[in-house]
Each structure stands twice: as C-alpha cells, then as structure tokens.
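Since the structure comes first, as structure tokens, the remarks are kept for the end.
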Amino acid sequence: MARTPSTMMLPLGAPAPAFELPDPTGREHRLSDLAAAKPLLVAFICNHCPFVKHVRAGFAALAAEYQKRGVAVVAIASNDVQAYPEDGPEGMAEEAREAGYGFPYLFDETQKVAKAYGAACTPDFFLFDRERRLFYRGQMDGSRPGNGVPVTGEDLRRALDAVLEGRPAPAEQRPSLGCNIKWKPGNEPSYFSPGA
C-alpha cells in the first residue's frame, strides 16, 4: 500500500474538468447533467483501498446529508482493472450497494478524467461552487487507518458549509492521503512518483 498524498495541482478557481463516464450499468453521466445543482463534489475512490474502506461509511453519510442540501456528488474509480479486477464495474456496483452510496459511481477506464483533475490517490476530493470553479481540494478529515482519529468529515464539511453559505473557501486546505491511483503501465501522469 503506497501512501500517496493528493497533488492539489488543480488551482482554486479552476473550472471543473468535463467528464462523460459510465456507471456500472453502462449509463453515461456528464458534468453538464449536474448544471442545476448548487455545488458539486467529485471524489476519486476505489473498492479495495484501505483508506477508502476506512472512510466509506462516513463519506456515504456525509454525501447523503449534503445531497439533501442541494450538493451534487459523484465518485469516480480510475484504477487499472487489468491489475485490480475487483475495482471494475461489477465490483463497483457491489461496493455502492454495500457502502450505501446514493450517488453515481463512475468508471474512468481511460484514466483521462483522473489526469484532468490531477487526482493522485484514493480518496481524493474536489469541491466546486455553483459556477463549477474549484473551491476546495484535499482531505475529508485527519482520520487515517490506525491513527485513532475518528472519521468526522470535518475538513470537507467546513468547505461544504462555506460554499453553501456563500463564505470564502477555507484558507487551510490539507492534502488527502491514500493509496496511489493504479495507473495502467505506460499511462502514468507526469506527477506520478513510483514508490510514493
């Protein structure tokens, strides 16, 4: 398990990179489909990562809470399914059911969307305002497997509350930490550091 921090490369204020990705049933979802929503939360996750497993119940609950307040939520899996078949669409459908995800869980088979966002790890969170400008990127909270810190979603909640209430973005934005995205051989982005 390579402990990898998020790159936080996408600058605050940057427009949300477009996507058109299928869910496990094959239904396509586009960024433009979410135009009516207030903010948009994009999470890069996967099925097997211990860091994602550690926060998944808390993330599912947080997403459900803020969806009721008008936040659109999507999760994206970008891992190489040749090397990690459990992270493919069949496993994604099962994971969404087990975790109680009430939002689209999309498959980025080409890994182009992960690269467009500068996503590096799972989980990696990106929050966009109503104009789809980047408002927050970083950790859900300070909890990690084995560190004894409870999963509260504190950092992400602070950002979500601020964007919903029209307040400025949090000045302090800490990188997420998780397993590195499993890039297809030869498809690694320039920011990928093997052994990170």
Side-chain angles (χ1 to χ4, degrees), residues 6-46 52 55-78 89 92-93 95-97 99-119 121-141 151-171 173-174 176 178 181:
S6 48
T7 67
M8 302 181 77
M9 283 175 36
L10 197 63
L12 294 177
F19 58 79
E20 183 175 341
L21 297 171
D23 64 22
T25 71
R27 179 177 165 225
E28 294 285 331
H29 297 256
R30 297 167 188 81
L31 176 68
S32 57
D33 296 339
L34 306 167
K38 293 175 188 174
L40 166 66
L41 176 61
V42 178
F44 287 85
I45 63 173
C46 71
V52 176
V55 301
R56 77 175 189 164
F59 175 51
L62 179 148
E65 176 185 338
Y66 282 92
Q67 283 175 298
K68 290 176 187 164
R69 296 177 62 186
V71 177
V73 179
V74 297
I76 298 174
S78 301
M92 290 168 62
E95 176 71 4
R97 278 192 303 274
Y101 293 156
F103 46 81
Y105 189 11
L106 310 178
F107 181 42
D108 177 24
E109 184 175 14
T110 66
Q111 304 183 318
K112 287 180 182 174
V113 176
K115 287 181 178 181
Y117 281 74
C121 61
T122 55
D124 210 349
F125 299 97
F126 299 81
L127 175 62
F128 298 88
D129 64 18
R130 185 170 212 130
E131 285 74 45
R132 297 299 175 259
R133 300 285 174 180
L134 187 61
F135 188 82
Y136 174 83
R137 73 278 192 259
Q139 68 179 10
M140 186 169 134
D141 57 34
V151 176
T152 62
E154 175 184 19
D155 294 62
L156 195 48
R157 285 177 183 281
R158 188 179 302 119
L160 283 159
D161 289 341
V163 75
L164 285 167
E165 294 162 13
R167 293 187 279 112
Q173 301 194 10
R174 296 180 181 161
S176 188
I181 289 178

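Between F135 and P170, the shortest heavy-atom contact is CE2-CD, 3.9 Å. Contact between P17 and A116 at its shortest, heavy atoms only, is CG-O, 3.6 Å. Minimum heavy-atom separation, C121 to S6: SG-N, 3.6 Å. Of all heavy-atom pairs spanning A99 and A60, the tightest one is O-CB, 3.4 Å. Looking at every heavy atom in both residues, R174 comes nearest to M8 through C-SD, 3.9 Å. Residue E95 comes nearest to Y101 through the heavy atom pair OE2-OH, 4.0 Å, listed as atom of the first residue, atom of the second, then distance.
Note that CG of L34 and CZ of F19 are 5.5 Å apart. Values are rounded to the nearest 0.5 Å. In this structure, D155 CG and L127 CG are separated by 12.5 Å, a value rounded to the nearest 0.5 Å. One finds the CG atom of L156 at 8.5 Å from the CG atom of D141 (value rounded to the nearest 0.5 Å). The CZ atom of F128 sits 10.5 Å away from atom CZ of R137, with the distance rounded to the nearest 0.5 Å. For the atom pair OG1 of T25 and CE of M92, the computed distance is 10.0 Å after rounding to the nearest 0.5 Å. Remark: L62 CG to M140 CE distance equals 5.5 Å, nearest 0.5 Å.
For the pair I45/Y105, a side-chain contact is recorded, criterion being any heavy-atom separation below 4.5 Å from C-beta on. The shortest distance between side-chain heavy atoms of R130 and P39 does not fall below 4.5 Å. With a 4.5 Å cut-off on side-chain heavy atoms, F59 and V73 count as touching.
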- Task: Using the side chain to side chain contact (heavy atoms under 4.5 Å, CB included) rule, take H29 and V74 through it: C-alpha gap first, then chi angles, then the decisive distance, then the call.
- Result: CA-CA 9 Å; H29 297 256; V74 297; over 6 Å; no
- Item | Derivation and outcome, side chain to side chain contact (heavy atoms under 4.5 Å, CB included), residues R157 and T152 | CA-CA 9 Å; R157 285 177 183 281; T152 62; 5.7 Å; no
- Task: Take T110 and D108, measure what side chain to side chain contact (heavy atoms under 4.5 Å, CB included) needs, and give me the verdict at the end.
- Result: CA-CA 6 Å; T110 66; D108 177 24; 3.8 Å; yes
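Note on ring orientation: taking the six-membered ring where Trp is involved, the planes of F126 and F44 are perpendicular (angle over 60°, cut-offs 30° and 60°).
For the pair T122 (side chain) and C46 (backbone), a donor-acceptor distance under 3.5 Å is absent. Put simply, the side chain of Y136 never gets that close to the backbone of Q173: no donor and acceptor are under 3.5 Å apart.
Between E165 and R167, at least one side-chain N (NZ, or NE/NH1/NH2) sits under 4.0 Å from a carboxylate O, which counts as a salt bridge.
Tested against L31 for a side-chain contact (heavy atoms from CB on, under 4.5 Å), the candidates L21, L40, V113, V42 yield a single pass: L40.
Within 6.0 Å of CZ in R158 there are more than 12 heavy atoms belonging to other residues, nucleotides or ligands.
Looking at D161 and Y66, their side chains do bring a donor and an acceptor atom within 3.5 Å of each other.
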